[in-house]
Each structure stands twice: as C-alpha cells, then as structure tokens.
There are 2 protein chains.
Amino acid sequence: MSAPVRLLLADDEHLIRGALAALLSLEVDLMVVAEAASGPEALAMARAHAPDVAVLDLQMPGADGVKVATSLRTELPGCRVLIVTGHGRPGHLKRALAAGVRGFVPKTVSAQRLAEIIRTVHAGNRYVDPELAADAISAGDSPLTAREAEVLELAADGAPVAEIAERAALSPGTVRNYLSSAVTKLGAENRHAAVRLARERGWV
Amino acid sequence: MSAPVRLLLADDEHLIRGALAALLSLEVDLMVVAEAASGPEALAMARAHAPDVAVLDLQMPGADGVKVATSLRTELPGCRVLIVTGHGRPGHLKRALAAGVRGFVPKTVSAQRLAEIIRTVHAGNRYVDPELAADAISAGDSPLTAREAEVLELAADGAPVAEIAERAALSPGTVRNYLSSAVTKLGAENRHAAVRLARERGWV
DNA sequence: CGCCGCGCATGACAAATGTCAGCACCGGGC
DNA sequence: GCCCGGTGCTGACATTTGTCATGCGCGGCG
C-alpha cells in the first residue's frame, strides 16, 4: 500500500472544482492537496505543494492549461499533467501533447472514469480520450505556415488589413497575400470563414 | 418538515453533472430525480418526472437552457427554472428572464451557495447573480432592430452579402444597408467586429 | 552548386463591401 | 391627419478585399 496520489485541481469554475474535489476525495487513494482558479494561481500552487498529478482545465483566465503545463514541465518534471476540457478542439490536443501533457480528456467522462485515468497517468502512462484522438487524426496537421497562422490570428477580431499589417509589422500587400493563401489552403470563402475553420480545428 | 425539493439536472458535461448531483444530494432537503445531457433530453426528463426545480446549463447540444425554459414554462408551469452558466453574457440573462427563468447564476458559485439558491428559487423567489446583473445593466438594451440583428446573425460565419441576402430573402442592397446601420450603431469597424461586439453583449 | 519553399514586397485588376442619398409603404402615436 | 420609425428597394460612389503575376533574398537539401 503506497501513499495516496497528491492532486492539484485547477478550474475557474468554483462549482465544478469544488464538486470535483469532493468526488475525487471519496477515492481512498486520491487526495486533493491544492486548488486554483486561474493559470498563474495553478502555477503558484504547484510550486508550493509539488503535487503528483495536476488536473488542469484547458480554458482558464491568465494562462490556459497548455501554457501552465509547459511551465510545469521544466519547473516540476515529476508532476504529471492531465488536461480536462469542455469543448475539445483537435489542435489543442496536439499542442498539449507537445507540451508534455500525459492525459487529455473531455468533461463528458464520469468521475469514476476520471479517477481511473488519474491513476493511469500517475503510473507513468498516457491517456487520450479516443474520440478526441480520432478528431485530431482526422483533422490532420495545420497546412498553414507560421506567418499565415499569425496573420490569420490577427484577423480574428475583424480588424482591417491596415491594422493587421501594422500589428504584424508587415506591408499591407503582404498581409493580403498571406490571408489569401491561408483562405485558399483552408478552402474557405473569405478570411472570416477561414478564421472560423482554423479555430474549429484548433490551428490558431 | 416538508418533502424534499425534487431536482432535474441538465448539463452536457457528465463530469460536472455527476459531481453536482452527488454534492446536491448531500443536502437533506434536495433530491436529484432526473439528469439530462442535452436540451431535448432535459425536456423529456422534465415531462416524465415533473421536478420542482430544473437546473439547466445555458449551453447544451440540441436546445440551449433558455429554449428549454421557454418550453417548460407552458408545459410545466409549476416547475421553477434555474440557469447555470460558465461564461455569462449579458444578453442571455435578459432572454432568460423573459423566458420566465427564476434564477441565473455563474458556475463560479460554490455548491453550498447553489443549494441555497435552489431553495430560494423553490420558495418562489428570484435570484440573479449580482455581477451578471450589473453586467446586464451596464450593457443596456440592444440598439438593433429585429432585421438588423437577423442580418448580423446571418453574417456571423463570414458569409458574403449575396448568401446572406438569399438566406434572409432580401435584396443584396438592403442587406448592406442593414449591416451598415448595425455597424454604425455598434460603433464597430466593420461587420465582423460588429458581430463580435453583439455576441459579447449577448445581442445576437 | 542549383533548386525549392518560405518570407516579404510591389503593382495591377476585379470583386466585395461600406457609405450615402433618395424613394416607397406601412403602422403607431400625437 | 400628420409625423416618425422600421422595413425594403435602387443607384452611385469610395474603399477594402481577394487574386494574380512578379521579383528578391535566404536557408535547407539533394
């Protein structure tokens, strides 16, 4: 009989976090040692408590789960990271795995299932939700170059080309070229539909 | 001593729903009699179990919380509706209240607080989260006419004017006029920024 | 080394969009 | 009855986009 798994829970929704903490605490081999409501807070709590497994929500104020995971990877290499997410976009999974995340699950799993997955991750194995994995595979890699993605992101809030050009320190003509090629690659009608598509696939 | 409050829980995230059900069941005067993972399912469960209070997530597949609330209002007038939401936009609150919803809270409240609010709502009172209420008041009413809002919504996915015109059964010129006036009223740079603004304020 | 893809730019042209003026109809309020 | 706002249309015009051809430099790769 080994010591219980020490957990960090990070989610900006108190209701969820509290409920989750209560449920996971029912498992005798799991112990919630810290909670956080934002990215930076999660980092601080992780440093303070050095948990065995960090259960992070993907969307949090301050810094998202993947950013936190990236920081944790260098600061606390022994801490396994498990990401839970409401609406999982394919690209996020890819980014998360690249950041050294050990598990990636949607919030549609049951608490029992989550407890099992926490144990799996703690044991050093990986776990990725099969459905999300299938989505990620079928969505494939982003066909966009770094600049195309950057410009597309700047175009996300509907800014005119001139503003994008200024913010990206590019010539307006270049911006239009990148946007045009991105739109073509994504098979979209125009830049705005392209932004939507790229967002859906998690490429931005 | 009265009978316990019979609850319907609807949320598409099993993890949350299960955790919530467990926590609320700890309260002796609350009893979860039904759960649902989608809008239509929530309606079906409500018909089958006639709960005292329906706790609905705002964003669910099929039909959102407000739509479900609207149907419940006529089908089960005795059932009070409480909406919980992750990211509460001001306009949603307004729509919800218009649909006869008795309570509107963000997921950042604690489970104890939620239990209290459920009792408040069951007693026939209303409860609206103060912060969300303040947002709604400061955001004010939509300055858009019905057509402007309709056209703006059709423009949301980046469709060109011709497509919007076809889908709205309007002339392309008229569509451009409506878009132009909507953009002006919202003080936006262009239609896409206007869509973003209207979305943020919950006006679409 | 030569080739190719990427980054970056320019210029030109067509198409879509934004803006404005004006006209007509209808319905509600004074 | 008259005015006003919402709805719906047209036409004209300036501006913004989208698209294409073309050019140059750079770095990687066979």
Side-chain angles (χ1 to χ4, degrees), chain A residues 91 94-95 98 139-204, chain B residues 91 94-95 98 139-204:
Chain A
K94 205 154 291 199
R95 283 199 303 131
D141 270 338
S142 170
L144 304 176
T145 68
R147 285 300 147 127
E148 284 163 357
E150 184 191 341
V151 171
L152 202 56
E153 203 160 353
L154 287 172
D157 51 358
V161 169
E163 191 181 320
I164 300 173
E166 198 181 354
R167 291 213 277 165
L170 289 174
S171 125
T174 305
V175 169
R176 287 199 286 161
N177 285 340
Y178 282 145
L179 283 176
S180 183
S181 87
V183 166
T184 305
K185 282 180 180 174
L186 296 178
E189 290 278 337
N190 54 42
R191 70 169 75 171
H192 305 286
V195 167
R196 269 199 329 112
L197 279 174
R199 277 219 192 295
E200 275 173 21
R201 291 167 167 65
W203 290 338
V204 292
Chain B
K94 206 154 290 202
R95 282 199 305 130
D141 270 339
S142 170
L144 304 175
T145 68
R147 285 300 145 128
E148 285 163 357
E150 184 191 342
V151 171
L152 201 56
E153 203 162 3
L154 287 172
D157 51 357
V161 170
E163 191 181 320
I164 300 173
E166 198 180 354
R167 291 213 277 164
L170 288 175
S171 125
T174 305
V175 169
R176 287 200 286 163
N177 286 339
Y178 282 145
L179 284 175
S180 184
S181 86
V183 166
T184 305
K185 282 179 180 175
L186 296 178
E189 291 277 337
N190 54 43
R191 70 168 77 170
H192 306 285
V195 167
R196 269 201 329 113
L197 280 173
R199 276 220 192 295
E200 276 174 21
R201 291 166 168 66
W203 290 338
V204 292

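Here is how names work: the chains are called A, B, and so on, in the same order as the sequence lines, proteins then strands, and each is numbered from 1.
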>> If you compare every side-chain N and O of B/R147 against the phosphate oxygens of D/dG6 (OP1, OP2), does one of them come in below 4.0 Å?
In response: no
> Starting at CD of A/E148 and ending at C1' of C/dA9, how long is that distance when rounded to a whole Å?
Replying inline: 16 Å
> Which of these nucleotides, D/dG18, C/dC8, C/dT19, is closest to any side-chain atom of A/L179?
Replying inline: D/dG18
>> Pick the closest DNA chain D nucleotide for B/S171 and for A/A188 by heavy atoms, then say which residue is nearer the 5' end.
In response: B/S171
> Nearest of D/dC9, C/dG18, C/dG7 to any side-chain atom of B/N190?
Replying inline: C/dG18
> How long is the line joining CG of A/L152 and C1' of D/dT17, in whole Å?
Replying inline: 15 Å
> Can you find a side chain N or O atom of A/S180 that sits less than 4.0 Å from OP1 or OP2 on D/dT19?
Replying inline: yes
> Within this structure, what is the CZ-to-P distance between A/R191 and C/dA16, rounded to whole angstrom?
Replying inline: 15 Å
> Can you name the closest pair of heavy atoms from A/D157 and A/L154 and give their distance?
Replying inline: OD1-O, 3.2 Å
>> Between B/A146 and B/R176, which residue's closest nucleotide on DNA chain D lies nearer the 5′ terminus?
In response: B/A146
> Where the side chain of A/T145 is concerned, which of D/dG18, C/dT19, C/dC6 is the nearest nucleotide?
Replying inline: C/dC6
> Hey, what do you get for CG (B/L144) to CD (B/E153), rounding to the nearest 0.5 Å?
Replying inline: 11.0 Å
> Has the side chain of B/N177 got a donor or acceptor atom sitting under 3.5 Å from an opposite partner on the base of D/dT10?
Replying inline: yes
>> Check whether A/T184 reaches the backbone of A/S180 with its side chain - one donor and one acceptor, N or O, closer than 3.5 Å.
In response: yes
>> Nearest whole Å is fine: how far is D/dG5 C1' from B/Y178 OH?
In response: 11 Å
> Whole-Å distance between D/dG18 C1' and A/H192 NE2?
Replying inline: 11 Å
>> Looking only at the side chain of B/L170 (C-beta and beyond, no hydrogens), which of the listed nucleotides C/dT17, D/dG18, D/dG8 gets closest?
In response: D/dG8
> For B/T174 and D/dC9, is the shortest distance between a side-chain N/O and OP1 or OP2 below 4.0 Å?
Replying inline: yes
> What is the distance from CG of B/L186 to P of C/dT19, rounded to the nearest Å?
Replying inline: 12 Å
>> Using a 3.5 Å distance criterion without hydrogens, assess whether the side chain of B/N190 forms a donor-acceptor pair with backbone atoms of B/A193.
In response: yes
> Just wondering, more than 12 heavy atoms not from A/E166 lying within 6.0 Å of its CD?
Replying inline: no
